[in-house]
Structures are given as C-alpha cells and as structure tokens.
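See below for the structure under consideration.
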Amino acid sequence: MGLTEIRNRIARAEAGAGRAPGSVKLIAVSKVQPLERVEAVLEQGHRVFGENRVQEAAGKWPGLKARFDGIELHLIGPLQSNKLRQAVELFDAIHSVDRPKLARRLADMAQERGACPELFIQVNTGEEQQKAGVMPTETDDFVAQCRALDLPVRGLMCIPPVEEDPSLHFALLAKIAARNGLDGLSMGMSGDFETAIALGATHVRVGSAIFGARAQG
Ligand SMILES: *Cc1c(COP(=O)(O)O)cnc(C)c1O
C-alpha cells in the first residue's frame, strides 16, 4: 500500500466526513519495522511516527533525529514508571496515560523540566481485563485529576477489542471526550482508520498499511 495511498485515503475520509483537509494527523507506526523501510518513509517527507516500546524507540530514533529534521515522535504503547524519564525526553506525545501514579510523576517531571509531551488518556472502551486504559466510567474523574495537575491533556485514545465492531468504541470515545471538553481523539489503525475519521479521529495510528506486515507485534 504505502504512504501515498494512505494519505489519499485519509484525504478522502476527511472529505467524506465533511472535515477540513489536514485535520487528521497521520502517525506512521514504525515499531519492529526494518530501518530501511522507516528511512524510505522519512525520505518521502513524512515526519510523524509512533512507537510502542520506549527501549526500542531509544535505540532507533536518536540516530534518525540527527539525520532528519522535524521528527515528531508519539509513544503509543504502555509506559512503565521506570522508563518515564527516558520517555519524556524522547517523545513529543504520549498516548498511554492511564493511572494516577503515572500522572503525578509526569507532573513532577513537567515541573522539573519546564516542558511536557502532549498527553492522551488511554480509555479501555471494551473493558477488557488484560488491556491497559482507564475504564469509561472512571475517565471523567481521571481527566479532572490530570487537569488539576496542570498536565497538557490533548485528548483520549483507545484500542478497540479485536473481535468487535470498532465504530461503537470510536463513538464511545468521542462521546467521553466531548463531555470533558477534549477534542483530541487518537483512534483508528490500518484496518479501521477511515471509520475512525468518520467518527472524529484527530490522530490515526497506521503501521502495517504503510510499512508492510510486521515480523512480530
Ligand atoms: C501497532 C499499533 C498500531 C498500528 O497497527 P497497524 O494495524 O499495523 O496499523 C496502532 N496503535 C497501537 C497502539 C499499536 O500498538
């Protein structure tokens, strides 16, 4: 498929939903991809990338940042407290804020550094046991806690259950965001980003449809 086709499909989905051209940010998810595929997408001019592991990103991106200007990096995977400092130094946005302890430590670090990545609160819209994220019913409280800590909450993020119609989850996320006065919605992956855009996504996270299949998840 590739970058150009995905950009075209995003533009068509924006138009189809009556949304402004360019209102959806494409995060190219480069986790586990061979370096030459990532370089090829950088050479095509794309600059916004997503990674799901701090360690992997720390091995790959400092070198690429030295060679390509204007890279914007999004952490879309789980964040352990012991990787927090490394994460705030490397990433421009974190999509996996999901617990009070993490919020408090992010606030401490923001104070100390005078800067904080843009934050998305991950919501477990499917209420799946094994999945990260705050429960839908706890999200309003958690948003309020993060705001009380002066954290820059940009919006909400979800990963719908694999077996379910994602549109129900995207609509739920949009509803929770709206009632909290948040307009950032990180939702939609290779298989469903057009649906997500129709339901208000501002950030889509697309990996395999740009880079090709991954060797592992
Ligand atoms: C891997 C991953 C993606 C991208 O998945 P594709 O199906 O390859 O587009 C999006 N979001 C998260 C959180 C991921 O871990």
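Just so you know, ligand 1 is whichever comes first in the structure, and atom 1 is the first atom listed for that ligand. Owing to the predicted nature of the structure, the values given are computational and were not obtained by experimental measurement. For reference, positions follow the sequence shown, starting with 1.
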Atom indices of ligand 1, in the order listed, that fall short of 4.0 Å to a heavy atom of S208:
6 (P), 7 (O), 8 (O), 9 (O)
Kindly say whether L182 contributes a backbone atom to a donor-acceptor pair with the side chain of N180 at under 3.5 angstrom?
no
The atoms of ligand 1 lying under 4.0 Å from a heavy atom of I159, numbered in the order shown, are 13 (C)
Can you find an N/O atom of G207 closer than 3.5 Å to an N/O atom of ligand 1?
yes
Listed partners of F170 passing ring pair (Phe, Tyr, Trp, His ring centres under 6.0 Å), at least two apart
none
Note: H95, heavy atoms under 4.0 Å from ligand 1, region reported as neither
So T202 and D183, side chain to side chain contact (heavy atoms under 4.5 Å, CB included) or not? Walk me through it.
CA-CA 8 Å; T202 56; D183 61 6; 5.7 Å; no
If you count the atoms of ligand 1 from 1 in the order shown, which ones are under 4.0 Å from a heavy atom of V206?
9 (O)
With side chains defined as the heavy atoms from C-beta onward, is the minimum distance between L151 and Q145 less than 4.5 Å?
no
Which pairs with one or both residues in residues 99-133 pass ring pair (Phe, Tyr, Trp, His ring centres under 6.0 Å), sequence neighbours excluded?
H95-F120, F120-H203
At a 4.0 Å threshold, what atoms of ligand 1 neighbour a non-hydrogen atom of R205?
4 (C), 9 (O), 10 (C), 11 (N), 12 (C), 13 (C)
